[in-house]
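Start at 1 with the first residue, then count along the sequence.
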Amino acid sequence: MFPLDPSILPIAFIGGGQMACALLGGLVRAGWPLKNIVVVEPHPPQQAVLREQLGVRVLARADASLQQASIVVWALKPDMVQAAATATVGFLADPLHLSIAAGVSLPDLVRCFGSSRVVRAMPNTPAL
């Protein structure tokens, strides 16, 4: 059982690559409601993977539907964080930001997201 109630905790992923898929797969297998998961992934082939293999809702770009997110997982390459944040943070309310982007410092993330509600986590390859 989750220590957090997944029935009332919408979660958004910015980036839907391999590490995001591993984390999303765990959430889906553990019974996280699909209606409470959204992924922003701009690449159509990866969008198809996310929809077909995991059944999650996928957006090609950020939009106002992200305002419901209580947690936003930033699952991007480090060099993509700034651009993604610029395109996304205007659509967010005040979520907890969880970054798995290696090599981006906490002060840089706080600056990018315009929020002090930021956590860094570094899952490793065996999580895949």
Side-chain angles (χ1 to χ4, degrees):
M1 192 53 132
F2 291 101
L4 303 171
D5 185 352
S7 66
I8 60 168
L9 190 65
I11 187 168
F13 279 72
I14 310 302
Q18 288 186 347
M19 194 59 70
C21 282
L23 296 171
L24 286 161
L27 290 173
V28 169
R29 284 188 299 282
W32 201 278
L34 293 177
K35 68 182 176 93
N36 286 352
I37 301 172
V38 63
V39 181
V40 177
E41 172 54 54
H43 299 99
Q46 190 62 23
Q47 291 172 4
V49 168
L50 291 160
R51 287 186 186 110
E52 293 165 14
Q53 293 182 6
L54 299 172
V56 297
R57 185 168 48 119
V58 181
L59 305 173
R61 63 188 146 295
D63 67 23
S65 67
L66 295 176
Q67 288 181 339
Q68 273 90 44
S70 296
I71 299 173
V72 177
V73 179
W74 296 85
L76 303 161
K77 303 281 187 208
D79 61 332
M80 298 173 71
V81 172
Q82 178 64 52
T86 299
T88 304
V89 295
F91 294 109
L92 301 173
D94 188 28
L96 174 67
H97 298 271
L98 171 61
S99 172
I100 63 170
V104 183
S105 72
L106 192 55
D108 286 343
L109 293 170
V110 167
R111 197 168 25 263
C112 283
F113 305 148
S115 172
S116 61
R117 295 174 38 91
V118 180
V119 177
R120 290 179 70 217
M122 295 299 122
N124 56 18
T125 306
L128 296 174

Peer 1: For the residue pair A85 and C112, what are the closest heavy atoms and their distance?
Peer 2: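 Between these two residues, the closest heavy atoms are CB-O, 3.7 Å.
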
Peer 1: Compare every heavy atom of P95 with every heavy atom of V72, then report the nearest pair and how far apart it is.
Peer 2: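 Closest pair (atom of V72, atom of P95, distance): CG2-CG, 3.7 Å.
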
Peer 1: Identify the heavy atoms of G55 and L34 that sit nearest to each other, and give their distance.
Peer 2: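 In terms of heavy atoms, the two residues are closest at O-CD1, 3.5 Å.
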
Peer 1: Could you state the interatomic distance from OG (S65) to CZ (R57), rounded to the nearest 0.5 Å?
Peer 2: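 Interatomic distance, S65 OG to R57 CZ, rounded to 0.5 Å: 4.5 Å.
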
Peer 1: Measuring from atom CD1 of I14 to atom CE of M80, what distance do you get when rounded to the nearest 0.5 angstrom?
Peer 2: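 Answer rounded to 0.5 Å: 11.0 Å.
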
Peer 1: Would one find more than 12 heavy atoms of other residues, nucleotides or ligands at under 6.0 Å from atom CD of Q67?
Peer 2: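 Yes, CD of Q67 has more than 12 neighbouring heavy atoms, counting only those of other groups under 6.0 Å.
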
Peer 1: For a 4.5 angstrom cut-off between non-hydrogen side-chain atoms, does I37 reach V28?
Peer 2: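 Touching, per the 4.5 Å side-chain cut-off.
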
Peer 1: If every non-hydrogen atom of L109 is compared with every non-hydrogen atom of R120, which pair is closest and at what distance?
Peer 2: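 Closest approach of L109 to R120: CD1-CG, 3.4 Å.
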
Peer 1: Do any pairs count as a salt bridge (charged side-chain N to carboxylate O under 4.0 Å, His left out) and have a residue in residues 70-96, sequence neighbours left out, and if so which ones?
Peer 2: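 Listed by first then second residue: D94-R117.
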
Peer 1: With a 4.5 Å cut-off on side-chain heavy-atom distances among I, L, V, M, F, W and Y, is there a chain of contacts connecting V118 to F91?
Peer 2: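 Yes, V118 and F91 fall within the same hydrophobic cluster.
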
Peer 1: Which pairs with one or both residues in residues 41-50 pass side-chain hydrogen bond (donor to acceptor under 3.5 Å, both in side chains), sequence neighbours excluded?
Peer 2: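 Listed once each, the pairs are E41-H43.
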
Peer 1: Between M19 and V81, is there shared hydrophobic-cluster membership here, with clusters defined by ILVMFWY side-chain heavy atoms closer than 4.5 Å?
Peer 2: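 Different clusters.
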
Peer 1: Can you hop from L27 to I71 via hydrophobic side chains spaced under 4.5 Å?
Peer 2: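 Linked, L27 and I71 end up in one cluster.
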
Peer 1: Just how far is it from atom CG of L66 to atom CG of L92, taken to the nearest 0.5 Å?
Peer 2: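 Taking CG in L66 and CG in L92, the distance rounds to 6.0 Å.
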
Peer 1: Taking all heavy atoms of G16 and all of C21, pick out the closest pair and write down the distance.
Peer 2: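 Shortest heavy-atom separation between G16 and C21 comes out as O-SG, 3.5 Å.
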
Peer 1: Any link between F13 and V38 through a network of hydrophobic side chains (Ile, Leu, Val, Met, Phe, Trp, Tyr) touching at under 4.5 Å?
Peer 2: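 No; V38 is not reachable from F13 via cluster members.
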
Peer 1: Just do the side chain to side chain contact (heavy atoms under 4.5 Å, CB included) check on L9 and W32 with the steps written out, would you?
Peer 2: CA-CA 9 Å; L9 190 65; W32 201 278; 3.9 Å; yes

Peer 1: What do the steps show when you test W74 against T88 for side chain to side chain contact (heavy atoms under 4.5 Å, CB included), and what is the final call?
Peer 2: CA-CA 11 Å; W74 296 85; T88 304; 3.8 Å; yes

Peer 1: Over all heavy atoms of both residues, which pair between S99 and A101 is shortest? Give the atoms and the distance, please.
Peer 2: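 Looking at all heavy atoms of both residues, the closest pair is OG-N, 3.2 Å.
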
Peer 1: Are L106 and V104 joined in one hydrophobic group, where the rule is that I, L, V, M, F, W and Y side chains link up if heavy atoms are under 4.5 Å apart?
Peer 2: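 In one cluster: yes.
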
Peer 1: How long is the span from the CD1 atom in I11 to the CG atom in L98, to the nearest 0.5 Å?
Peer 2: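 Result: 7.5 Å between the selected atoms.
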
